[in-house]
Amino acid sequence: MKNLKDQLTQIVSAAFEASGYDPDYGQVTVSQRRELADYQCNGALPAARPYQTNPRQIAQEVADRLTGHAAFAEVSIAGPGFINLRLADDFIADQIAGMKADPGGRCGLEPVAQPQTIIVDYGGPNVAKSLHVGHIRAAIIGESIKRIARFLGHDTLGDIHLGDWGLQMGQVIAELRERQPDLIYFDPAYQGEYPAESPVSIDQLEEIYPAASAKSKADPEWLELAKEATGDLQAGRRGYLALWRHFVNVSVADLKKNYERLNVDFDLWLGESDVQPLIPGMVESLIRDGHAVESEGAIVIPIEEEGDKKEFPPLMLVKSNESVGYATTDLATILMRVRDYDPDAILYVVDARQQFHFTQVFRAAYKSGIARREKVSLEHNYFGTINGPDGKPFRTREGGVMKLADLIDMVVAKAFERMAEIDAAADYPEKERLEIARMVGIAALKYADLMNHRTGDYTFDLDRFSSFEGRTGPYLLYAAVRTRSILRKAAEQGLTSGAILPAAGETERELHLKLLELPDSILHAFETRAPNHLCDYVYGLATIYNRFYREHHILTETDPSRQASWLAVAELTVQVIELVLDLLGIEVPQRM
RNA sequence: GUUCCCAUAGCUCAAUGGAUAGAGCGUUGGUCUCCGAAGCCAAAGAUCCAGGUUCGAUUCCUGGUGGGGACACCA
């Protein structure tokens with residue numbers, strides 16, 4: 001089924017063409033003035049100049065051709081030449097029926113004609129370091145972009161891209177060596193098997209890492225030790241490798257637990273370490289092909305491009321001490337992804353502060369041919385920083401970072417309190433109430449983040465994530481759950497949904513039209529890589545639906561065919577709300 | 001210094017170059033003998049400044065002002 005806006009554009013374009021104008025002027029949009037029209041076409045205005053005529057005259061010619069078309073109840077022109085389209089109620093009802101009957105629950109969104117292979121790189125947590133609030137946006141926004149791409153029919157893979165191979169690993173090793181020098185991993189002479197059990201727990205790691213990091217900053221000599229340990233690890237020292245595997249395993253288990261609570265999951269759990277074997281060959285070939293050159297003792301890739309106003313620092317490929325940094329790793333990651341998946345796009349959902357870094361890496365990848373510009377779209381879908389009240393990146397009062405697990409605990413606890421306050425779910429089993437509180441809390445948290453455009457910074461405020469009234473995640477859950485309750489009662493009474501009738505009033509008509517905007521809204525969110533557009537859409541839908549709910553009492557309706565139609569509309573609305581929430585990565589409880 | 005991002009109502013945020021700039025919170029006032037009031041209805045309240053492009057600019061361009069980020073050997 002073709003989406004409504006495209007159908008209308010097709011009709012209007014044909015009218016432009018039949019009147020002797022370029023059909024491209026026939027683009028139709030949802031009207032900004034809903035009291036005047038449902039959809040509008042502004043094409044007559046820009047057409048006036050090239051055709052050297054009055055826009056109102058063009059509009060009139062086109063409108064004359066459209067009048068009488070079965071889709072329209074009224075075609076009029078207004079202002080300087082807007083073509084206003086009011087759709088026929090029975091045409092709308094037919095569209096709704098088509099949407100509801102659409103196979104596969106796609107609600108009128110056709111899968112893309114040419115599916116692409118898309119890798120979404122999000123998450124990017126470091127091993128040995130627990131998730132903190134700074135990781136939340138990548139997880140939430142990335143997950144949503146991944147789901148949207150997948151729903152559109154693209155072959156989509158989410159990759160967590162673990163930070164598991166940098167200096168931080170050497171720092172942790174050095175720190176542990178200082179604390180427990182007798183551990184068998186530090187004995188160079190040891191030749192046997194290493195224990196299967198990790199010598200450190202996740203909690204210990206989380207304490208060791210910041211301690212080591214702080215020491216590195218304060219003490220240059222200690223930093224050298226850490227770098228040395230990093231070098232030894234990367235050179236393959238047995239004991240260090242064994243230790244490193246423990247760190248990774250312990251961390252990944254913890255990461256999985258936390259991401260799972262957020263309803264975030266990855267198809268690939270690859271990390272920086274996975275591309276290390278590719279690096280020597282990549283560097284060699286870059287040098288051989290002349291893309292990489294020696295500079296100040298290091299090997300760099302110059303990446304200036306024509307049009308640069310200022311000199312552009314080159315990408316640091318191999319440092320003067322012969323080690324490699326994350327730019328090199330990221331380049332090798334592109335090499336691996338191209339080799340293994342042949343992607344059409346790689347979307348990096350990463351903090352805006354990495355913009356410069358990605359510009360360097362993308363330029364180097366294209367310039368060297370690691371990625372072909374005409375084949376792979378490398379995009380940094382950056383997001384803004386979560387700031388504290390002082391406008392700087394958020395820190396807790398103690399100056400530390402707030403752990404994501406703690407934030408989730410707080411939000412879920414708030415949801416639980418809230419349920420008790422309003423006496424919700426009071427007679428449900430304890431276990432279900434806890435699960436509902438989790439879903440409500442996570443919905444509040446995720447919606448509060450996703451509703452903001454991803455590029456903007458925002459200020460951390462616990463109230464923002466634990467608000468359950470007004471424009472929030474729970475509002476949306478409530479609309480869905482309340483409707484499910486009606487549908488359950490209807491089923492108990494033996495009532496079933498039936499044919500969709502033309503809208504019974506203005507509110508239902510608006511609801512129909514809003515439902516029909518779904519496909520376009522998903523497409524728009526994907527094209528702009530901006531899930532907040534879906535947040536807007538689903539909130540608008542739920543609001544209109546709530547009004548409909550108040551105005552029409554479905555279960556006591558006396559006209560059986562009207563009642564059956566309303567049940568069908570209610571079913572479709574729940575389906576759409578749940579579909580959009582799923583694209584946002586938000587789960588909906590059966591009841592709450 | 002160079003460069004990137006941001007600036008909309010008291011607060012927090014929206015807005016595909018279109019007509020009268022939308023919400024939520026907060027404030028004030030309504031609304032449960034009726035499918036779940038985490039709801040619904042109503043009131044007051046805003047595009048940083050100056051130019052430019054355009055039939056039309058919150059949106060695009062230039063220059064200011066203010067805030068934040070980044071700028072080769074840490075990731």
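Within every chain, numbering begins at 1; the chains are lettered A, B, ... in the order of the sequence lines, protein sequences first and strands thereafter. Just so it is clear, the structure is predicted and the values come from calculations on it, not from any experiment.
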Practice item. Consider the side chain of A:Ile554, meaning its heavy atoms from C-beta on, and name the nucleotide among B:rA38, B:rG39, B:rC35 that approaches it most closely. Key: B:rC35
Practice item. Scan side-chain atoms only and decide if A:Ser273 and A:Asp164 contain a donor-acceptor pair under the 3.5 Å cut-off. Key: yes
Exercise for review: Determine: side-chain N/O of A:Asn546 to OP1/OP2 of B:rG36, distance under 4.0 Å, yes or no.
Suggested key: no
**Study point:** For B:rA70, the Watson-Crick or wobble counterpart (both distances under 3.5 Å)
**Key:** B:rU2
Practice item. State the pairing partner of B:rC11; accept Watson-Crick or G-U wobble contacts with both distances under 3.5 Å, and report none otherwise. Key: B:rG24
Review point. Between B:rG18, B:rG69, B:rA37, which nucleotide has the shortest distance from any of its atoms to the side chain of A:Tyr549?
Key: B:rA37
Check your understanding: Hey, does A:His552 reach any base, or is it just sugar-phosphate, or nothing, if we go heavy atoms under 4.0 Å?
Key -> base
Practice item. Give a yes or no on whether a donor-acceptor pair under 3.5 Å exists between the nucleobase atoms of B:rU16, that is its base, and the side chain of A:Gln32. Key: yes
Review point. A:Gly325 near the nucleic acid: base, sugar-phosphate alone, or nothing, with a heavy-atom cut-off under 4.0 Å?
Key: sugar-phosphate
Review point. When we call it a touch if two heavy atoms are under 4.0 Å apart, what does A:Tyr475 touch: a base, just sugar-phosphate, or nothing?
Key: sugar-phosphate
Point to revise | A:Tyr458/A:Phe383 aromatic ring centres below 6.0 Å | key: no
**Study point:** Minimum-distance nucleotide (side-chain atoms of A:His524 versus B:rG18, B:rU16, B:rC55)
**Key:** B:rU16
Exercise for review: Name the closest nucleotide to the A:Ile422 side chain, picking from B:rC55, B:rU12, B:rA38.
Suggested key: B:rA38
Review point. Is A:Phe312 touching bases, backbone alone, or none of the nucleic acid, heavy atoms closer than 4.0 Å?
Key: nothing
Exercise for review: Report the base-pairing partner of B:rA57 (Watson-Crick or G-U wobble, both distances below 3.5 angstrom), or none.
Suggested key: none
Review point. Where does B:rC11 land, syn or anti, given syn is within 90° of 0?
Key: anti
Check your understanding: So, does A:Lys367 use its side chain to make a donor-acceptor pair with the main chain of A:Pro302 at under 3.5 Å?
Key -> yes
Review point. Short question: side chain of A:Ser295, backbone of A:Ala298 - any donor-acceptor pair under 3.5 Å?
Key: no
Check your understanding: Within less than 4.0 Å of OP1 or OP2 of B:rG36, is there a side-chain N or O belonging to A:Lys489?
Key -> yes
Review point. Hey, does A:Lys5 reach any base, or is it just sugar-phosphate, or nothing, if we go heavy atoms under 4.0 Å?
Key: nothing
Practice item. Using only side-chain N and O atoms of A:Lys414, determine if any of them is under 4.0 Å from OP1 or OP2 of B:rA38. Key: no
Review point. Does the separation of the ring centres of A:His533 and A:Tyr537 fall below 6.0 angstrom?
Key: no
Review point. Between A:Phe362 and A:His380, is the gap from one ring center to the other below 6.0 Å?
Key: no
Point to revise | Sugar-phosphate, base or nothing in reach of A:Val318, heavy atoms under 4.0 Å | key: nothing
Exercise for review: Sticking with atom P, work out how far B:rU16 lies from B:rU59, rounded to a whole angstrom.
Suggested key: 13 Å
Practice item. Give one of base, sugar-phosphate or nothing for A:Gln360, where a contact means two heavy atoms less than 4.0 Å apart. Key: nothing
Review point. Whom does B:rC40 pair with, Watson-Crick or G-U wobble, provided both distances fall under 3.5 Å?
Key: B:rG30
Exercise for review: Determine the contact category for A:Asn532: base if any of its heavy atoms lies under 4.0 Å from a base atom, sugar-phosphate if only primed atoms, P, OP1 or OP2 are that close, otherwise nothing.
Suggested key: sugar-phosphate
Point to revise | Aromatic-base stack, A:His553 on B:rC35, cutoff 5.5 Å, angle under 30 | key: yes
Point to revise | Distance between P atoms of B:rU65 and B:rG22 (Å, rounded) | key: 33 Å
Practice item. Step through the shown structure and confirm whether more than 12 heavy atoms of other residues, nucleotides or ligands are within 6.0 Å of CD on A:Glu35. Key: yes
Review point. Do any side-chain nitrogens or oxygens of A:Arg547 fall under 4.0 Å of OP1 or OP2 in B:rC41?
Key: yes
Exercise for review: Identify whether any heavy atom of A:Glu296 sits under 4.0 Å from a base atom; if not, whether one sits that close to sugar-phosphate; answer base, sugar-phosphate or nothing.
Suggested key: base
Point to revise | Options B:rC55, B:rA23, B:rC71, nucleotide nearest the side-chain atoms of A:Pro313 | key: B:rC71
Practice item. Determine the Euclidean distance between corresponding P atoms of B:rG18 and B:rC11; express it in Å to zero decimal places. Key: 27 Å
Point to revise | Side chain of A:Ala298 - closest among B:rG18, B:rC73, B:rA75 | key: B:rC73
Point to revise | Six-ring centre of A:Phe460, A:Arg464 cation under 6.0 angstrom, axis tolerance 45° | key: no
Practice item. Please confirm whether any donor atom in the side chain of A:Thr556 sits under 3.5 Å from an acceptor in the base of B:rC34, or the reverse. Key: no
Point to revise | Between C1' of B:rU20 and CZ of A:Phe82, the distance in whole Å | key: 12 Å
Practice item. Under 4.0 Å between any heavy atoms, over every strand shown, what does A:Ser213 touch: base, sugar-phosphate, or nothing? Just pick one. Key: nothing
Practice item. For A:Pro46, answer base if it contacts any base atom (sugar-phosphate contacts may also be present), sugar-phosphate if it contacts only those atoms, and nothing otherwise; contact means non-hydrogen atoms under 4.0 Å. Key: base
Exercise for review: Give a yes/no on whether any side-chain N or O of A:Tyr478 is located under 4.0 angstrom from OP1 or OP2 of B:rA38.
Suggested key: yes
Review point. With a 4.0 Å cut-off on heavy atoms, is A:Ala78 in touch with a base, just the backbone sugar-phosphate, or nothing at all?
Key: base
Exercise for review: Considering just the side-chain nitrogens and oxygens of A:His453, establish if one lies under 4.0 Å of OP1 or OP2 belonging to B:rC6.
Suggested key: no
Practice item. Using a cut-off of strictly less than 4.0 Å, decide whether A:Thr455 has a side-chain nitrogen or oxygen near OP1 or OP2 of B:rC5. Key: no
**Study point:** Nearest to side-chain heavy atoms of A:Val300, which nucleotide of B:rC13, B:rA75, B:rA72
**Key:** B:rA72
Practice item. Counting heavy atoms from C-beta on, name the nucleotide in B:rC13, B:rG39, B:rG18 closest to the side chain of A:Arg482. Key: B:rG39
Check your understanding: Is there a donor-acceptor contact under 3.5 Å from the side chain of A:Asp22 to the main chain of A:Tyr25?
Key -> no
Check your understanding: When all nucleic acid strands are considered with a 4.0 Å heavy-atom cut-off, which category describes A:Gln27: base, sugar-phosphate, or nothing?
Key -> nothing
Exercise for review: Using a 4.0 Å heavy-atom cut-off across all strands, classify A:Asp164 as base, sugar-phosphate, or nothing.
Suggested key: nothing
Review point. Under the 5.5 Å and 30° test, is A:Phe468 stacked on the base of B:rA38?
Key: no
Study note, to complete from the structure: Contacts of A:Pro474 and A:Arg454 projected onto RNA chain B by closest heavy atom; the upstream (5') one is A:Arg454
Check your understanding: For RNA chain B, whose closest nucleotide is more 5', that of A:Phe356 or that of A:Thr29?
Key -> A:Thr29
Check your understanding: Is any side-chain N or O of A:His533 closer than 4.0 Å to OP1 or OP2 of B:rU16?
Key -> yes
Study note, to complete from the structure: Testing B:rG18, B:rG36, B:rA75 for proximity to the side chain of A:Lys319, the answer is B:rA75
Check your understanding: Under 4.0 Å between a side-chain N/O of A:Asn452 and OP1 or OP2 of B:rC13, yes or no?
Key -> no
